[in-house]
Amino acid sequence: MASATTDPTLNISLVNRTSFRNVNAYVTGLAINNGYRFVLIQADGHTPYYPESPNSTGASLAANCSIPLGPPGSSTSVTIPRIAGGRIWFCINDTLTFLLNPGPGLVEPSVSNPADLNYGKNWGFCEFTFNDFQLFANISYVDFVSIPIALNLSNASGGKQSVTGIPKDGLQRVCEGLVAQNAKDGKGWDRLIVRGKDGSILRALSPNTAMVMDGSLFQGYYDAYVNAIWERYKTDSLYVDTQAQWGTLTAKVDPITNLLTFSSIGAFSKPSARDIFSCSTGPFAGYPINTEAMGNLTARLAAALNRSTLLEDNLQPGRTAAAYYTGGGGVTNHYSRVVHAVNGDGRGYAFPYDDVGASGSSDLAGAVWDGNPSVFEVVLGGY
């Protein structure tokens with residue numbers, strides 16, 4: 001068995017680059033070395049808190065896990081154990097409420113439930129996993145865009161990685177892009193914008209999150225594009241490079257079943273807009289056979305549909321990142337297009353398989369990772 005390469009704990013520097021003095025941070029995840037129990041870091045920034053199962057739903061935490069950041073320009077040091085599925089949350093001018101259900105289950109803040117205690121607050125998060133072999137972290141826009149967050153990672157050899165995130169006015173620019181797109185096609189992109197009680201912009205929702213709240217959004221949006229794809233691959237072959245042990249697989253639409261069929265592997269029915277934006281419903285929901293291979297194909301098909309490259313390029317993943325979001329006759333995931341355009345380096349995780357890319361292409365998902373991390377800096381407030 002290979003030995004661990006990382007230290008048992010990691011120091012994280014949380015930098016307040018906002019103009020606000022009242023900013024609170026939270027660290028949550030699953031403790032790898034403690035049976036994958038839920039863990040939060042307490043207000044002192046280094047003491048782990050492992051919640052016990054409460055007797056009823058909606059119980060309060062038994063420890064203060066709100067880590068106050070210093071004034072603008074300051075850095076706050078936080079120490080974490082090895083954590084899987086971690087998140088670092090930030091809330092401006094308020095605190096976040098985390099609750100417990102029996103299990104225990106951790107009830108996290110929600111942007112899709114207006115009854116959630118945190119719904120009207122200004123908050124956001126980045127994601128990370130710190131295990132025996134590496135730190136992996138990314139900026140996530142899969143659910144929404146709100147507070148600008150950037151990542152800087154240095155390793156023990158002096159190597160540096162960064163993800164710039166959105167600028168200080170990034171949320172405003174994302175919303176302007178959504179409004180402009182809606183003016184072009186009238187498909188409801190402006191309805192992704194969520195405002196506070198005072199009318200200020202709180203966040204921009206992803207299409208998938210917005211459709212959870214409003215099922216009337218984007219109904220039939222992809223239908224004509226998907227129909228054109230099915231027509232093409234009744235006669236042409238689609239090639240998908242799995243970038244794994246299955247190699248490149250070939251598909252055609254079966255004339256009898258009307259399914260996009262990968263011989264001896266499985267088949268896909270036509271997806272709806274909800275299936276495409278979520279990447280996890282309809283034909284992308286689950287597979288009775290060849291589960292791993294079908295999951296691999298789902299990632300590549302869903303990415304191609306969100307980026308509108310599946311009709312235009314019969315070899316996937318799409319080979320030219322510059323062509324992403326330009327096909328489909330204007331039918332594409334414009335939320336993802338706008339988010340990538342606003343990010344300083346064009347990188348960020350805007351839908352569930354935004355890390356899919358052609359072999360040899362640059363990372364677009366906005367991730368940093370290293371097996372020997374020395375300094376991990378999370379910067380709040382934008383460049």
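Along the sequence shown, residues carry numbers from 1. The basis for the numbers below is simple: all heavy atoms, side chains too, and nothing from hydrogens, waters or symmetry mates.
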Donor on one side chain, acceptor on other, Ser66 and Tyr26, under 3.5 Å: yes

Under 4.0 Å between a side-chain nitrogen and a carboxylate oxygen: does that hold for Glu312 and Arg232? no

Would you say the side-chain atoms of Asn296 and Thr242 include a donor-acceptor pair closer than 3.5 Å? no

Which pair of non-hydrogen atoms, one from Leu311 and one from Tyr225, has the smallest distance, and what is that distance? N-OH, 3.3 Å

Does any donor atom in the side chain of Ser216 or Asp214 lie under 3.5 Å from an acceptor atom in the other side chain? yes

Within the 3.5 Å criterion, strictly below it, is a donor on Asn16 or Thr18 matched to an acceptor on the partner's side chain? yes

Determine yes or no for a side-chain-to-main-chain donor-acceptor pair under 3.5 angstrom, with Thr6 supplying the side chain and Asp132 the backbone. yes

Under 3.5 Å, is there a donor-acceptor pair between the Asn333 and Tyr325 side chains? no

Step through the shown structure and confirm whether more than 12 heavy atoms of other residues, nucleotides or ligands are within 6.0 Å of CZ on Arg17. no

Would you say the side-chain atoms of Asn24 and Asn22 include a donor-acceptor pair closer than 3.5 Å? yes

Smallest separation among heavy atoms of Leu171 and Ser146, with atom names: CB-O, 3.8 Å

Would you mind telling me which of Phe125, Tyr119, Tyr335 makes a ring pair (Phe, Tyr, Trp, His ring centres under 6.0 Å) with Phe144? Phe125

Under 6.0 Å between ring centres, would you say that holds for Phe128 and Phe376? no

Residue Lys168 excluded, over 12 heavy atoms near NZ under 6.0 Å: yes

Examine the side chains of Tyr287 and Thr298 and answer whether a donor and an acceptor come within less than 3.5 Å of each other. yes

Within the 3.5 Å criterion, strictly below it, is a donor on Asn306 or Ser336 matched to an acceptor on the partner's side chain? no

Taking only Lys NZ, Arg NE, NH1 and NH2, and the carboxylate oxygens of Asp or Glu, determine whether Glu231 and Lys234 approach each other closer than 4.0 Å. yes

Within 6.0 Å of CD in Glu292, more than 12 heavy atoms from elsewhere: no

Looking only at side-chain N and O atoms, does Thr28 offer a donor or acceptor that is under 3.5 Å from a partner on Trp89? yes

Using ring pair (Phe, Tyr, Trp, His ring centres under 6.0 Å) as the criterion, point out the one residue from Phe284, Tyr353, Phe218, Phe351 that pairs with Phe277. Phe218

Locate the shortest heavy-atom distance separating Arg347 from Ser162; write the atom from each residue and the value. NH1-O, 2.9 Å

Does any donor atom in the side chain of Arg274 or Gln219 lie under 3.5 Å from an acceptor atom in the other side chain? no

Work out which heavy atom in Thr97 is nearest to a heavy atom in Asn118; give both atom names and the distance. N-OD1, 2.7 Å

Lys/Arg N to Asp/Glu carboxylate O, Lys187 vs Asp185, below 4.0 Å: no

Would you tell me whether Asn155 and Asn372 have side-chain atoms, one donor and one acceptor, within less than 3.5 Å of each other? no

Other residues, nucleotides and ligands only: do more than 12 of their heavy atoms fall within 6.0 Å of CZ on Arg21? no

One thing to verify: whether Arg307 and Asp354 come together as a salt bridge, which I'm taking to mean a side-chain N less than 4.0 angstrom from a carboxylate O. yes

